[in-house]
Undergrad: 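Attaching a single structure in structure tokens format; questions to follow.
FYI, side chains are in, hydrogens and waters are out, and symmetry mates aren't considered; it's all heavy atoms of this structure. Predicted model, so just to flag it, every value in this text is computed and none were measured.
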Amino acid sequence: MTGSGITDGAAVAAAAMADRAVEETHTEPRSAGLDPRTKIGIVLVTSVVVMAPGGVEFVPAALILAVALALAERAWPRAAGLLAAATVAASFAYLLPRAVVHPLTGVLGVLAAYLLRLIVIAGVAMYLVRTTTPSEFTAALRAARVPRGITVSGAVMLRFIPTMIAEARAVRDAMRLRGVGMLGNPVRGLEYFTVPLIASSLRASEDLSASALLRGLGSRTRPTCLRPPRFGIADVVVWLFVALLAGGTLLW
């Protein structure tokens with residue numbers, strides 16, 4: 001009984017720590033206007049269209065969508081960062097090869113072109129990550145009749161990524177307090193950054209596993225949801241906006 005009680009207490013404490021880490025990484029206000037299935041669908045459509053052959057024509061429309069979603073979330077730094085990163089990548093992809101004719105600039109142009117596509121996809125995906133809790137994400141996938149294996153993997157990933165971002169920031173702050181920088185000695189700085197991050201990721205994975213087990217993630221019993229996902233007017237407006245961007249790209 002004593003060993004079982006200690007184990008249960010440790011599992012509960014680990015679950016609380018994992019939940020607190022996830023909540024601390026989501027400091028921005030969450031948007032409850034869009035159904036999570038709409039957000040997932042927008043990410044999938046953007047990824048498929050932009051990464052398909054000839055998808056470079058849809059990059060401006062995807063960038064407009066990513067910036068519009070960031071502005072709707074009032075994430076002003078992310079909107080400005082997307083525009084700046086896309087401008088730099090587009091300059092390397094299309095302006096640099098024309099200004100300097102060299103095989104190296106051609107290789108850089110190709111890499112920058114693919115990087116530009118990844119930037120706009122990441123901009124749209126960040127809206128899903130920043131405005132959707134793991135519970136909402138799981139409920140949306142269950143409502144869409146997605147297989148349980150994909151649902152569990154997606155929920156764990158959505159919890160693990162913010163936790164790793166918080167751990168990386170903690171390691172970086174610890175390095176700054178100790179006067180260890182990445183520029184003076186990059187090899188040693190990379191070692192001091194990656195080793196603690198790997199150790200903390202292992203601890204975080206154990207905490208998240210305990211939290212998932214306590215919540216019955218992966219069980220055969222279908223759980224209930226306090227706020228089931230529902231499509232609304234905002235979802236229709238967003239899909240009309242996406243259709244307008246796609247139609248404008250094709251007509252252009």
Undergrad: Determine whether a donor-acceptor pair (N or O, by modelled atom type, separation under 3.5 Å) exists between the side chain of T194 and the backbone of L190.
TA: yes
Undergrad: With rounding to the nearest 0.5 angstrom, report the CG to CD1 distance, L63 to I121.
TA: 12.0 Å
Undergrad: Please report the closest heavy-atom contact between A125 and V43, naming both atoms and the distance.
TA: CA-CG2, 3.9 Å
Undergrad: Can you list the steps and then say if L128 with V124 is a side chain to side chain contact (heavy atoms under 4.5 Å, CB included)?
TA: CA-CA 7 Å; L128 169 65; V124 178; over 6 Å; no
Undergrad: Any link between L96 and Y114 through a network of hydrophobic side chains (Ile, Leu, Val, Met, Phe, Trp, Tyr) touching at under 4.5 Å?
TA: no
Undergrad: If hydrophobic clusters are built by linking Ile, Leu, Val, Met, Phe, Trp and Tyr wherever their side-chain heavy atoms come under 4.5 Å apart, do L34 and W239 end up in the same one?
TA: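 Yes, it is one cluster - the side chains of L34 and W239 are joined through contacts under 4.5 Å.
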Undergrad: With clusters defined by side-chain heavy atoms of hydrophobic residues (ILVMFWY) lying less than 4.5 Å apart, directly or transitively, does L111 cluster with Y94?
TA: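 Per the 4.5 Å side-chain linkage, Y94 and L111 are not co-clustered.
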Undergrad: Counting neighbours of CZ on F92 that are heavy atoms of other residues, nucleotides or ligands and sit closer than 6.0 Å, is the number greater than 12?
TA: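 Not more than 12 within 6.0 Å, no.
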Undergrad: Using 0.5 Å steps for rounding, measure from the CZ atom of R169 to the CZ atom of R172.
TA: 7.0 Å
Undergrad: Answer yes if L71 and L82 sit in the same cluster of Ile, Leu, Val, Met, Phe, Trp and Tyr residues linked by side chain heavy atoms under 4.5 Å apart, and no otherwise.
TA: yes
Undergrad: Could you please spell out the steps behind the side chain to side chain contact (heavy atoms under 4.5 Å, CB included) verdict for V50 and V56?
TA: CA-CA 6 Å; V50 171; V56 65; over 6 Å; no
Undergrad: Do you know the tightest heavy-atom contact between F241 and A68?
TA: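 Nearest heavy atoms, F241 then A68: CE2-CB, 4.1 Å.
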Undergrad: Indicate the atoms forming the closest heavy-atom contact of A204 with T163, along with that distance.
TA: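 In terms of heavy atoms, the two residues are closest at CB-CG2, 3.8 Å.
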Undergrad: Is the shortest heavy-atom distance from the side chain of R37 to the side chain of F231 under 4.5 Å?
TA: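 SC-SC contact between R37 and F231 confirmed.
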Undergrad: Within this structure, what is the OG1-CG distance for the pair T132 and D35, rounded to the nearest 0.5 Å?
TA: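 Taking OG1 in T132 and CG in D35, the distance rounds to 9.5 Å.
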Undergrad: Ignoring hydrogens, what is the shortest heavy-atom contact between P36 and A140? Give both atom names and the distance.
TA: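 Minimum heavy-atom contact is CB-CB, 3.4 Å.
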Undergrad: Which atom names give the shortest non-hydrogen contact between T46 and A62, and what distance separates them?
TA: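 T46 and A62 have their closest heavy atoms at CG2-CB, 3.9 Å.
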Undergrad: Taking the side chain from D173 and the backbone from A170, do they hold a donor-acceptor pair closer than 3.5 Å?
TA: no
Undergrad: Report the distance from atom OG of S201 to atom CE of M164, rounding to the nearest 0.5 Å.
TA: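 That separation rounds to 5.0 Å.
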Undergrad: Name the one of V236, L244, V238, V242 that satisfies side-chain contact (heavy atoms from CB on, under 4.5 Å) with L240?
TA: V236
Undergrad: Distance from T131 atom OG1 to K39 atom NZ, nearest 0.5 Å?
TA: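 Nearest 0.5 Å value for the OG1-NZ distance: 3.0 Å.
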Undergrad: Does E73 pair with R78 as a salt bridge, N-O distance under 4.0 Å?
TA: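 Yes, this pair counts.
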Undergrad: What pair of heavy atoms forms the shortest contact from T105 to V101, and how long is it?
TA: OG1-C, 4.2 Å
Undergrad: Assigning hydrophobic clusters by single linkage (Ile, Leu, Val, Met, Phe, Trp, Tyr; side-chain heavy-atom cutoff under 4.5 Å), is V59 placed with I64?
TA: no
Undergrad: For the atom pair CG (L65) and CG (L69), what is the distance rounded to the nearest 0.5 Å?
TA: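 One gets 4.5 Å once the value is rounded to the nearest 0.5 Å.
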Undergrad: Ignoring hydrogens and angles, tell me if any N or O in the side chain of S200 forms a donor-acceptor pair with the backbone of L197 under 3.5 Å.
TA: yes
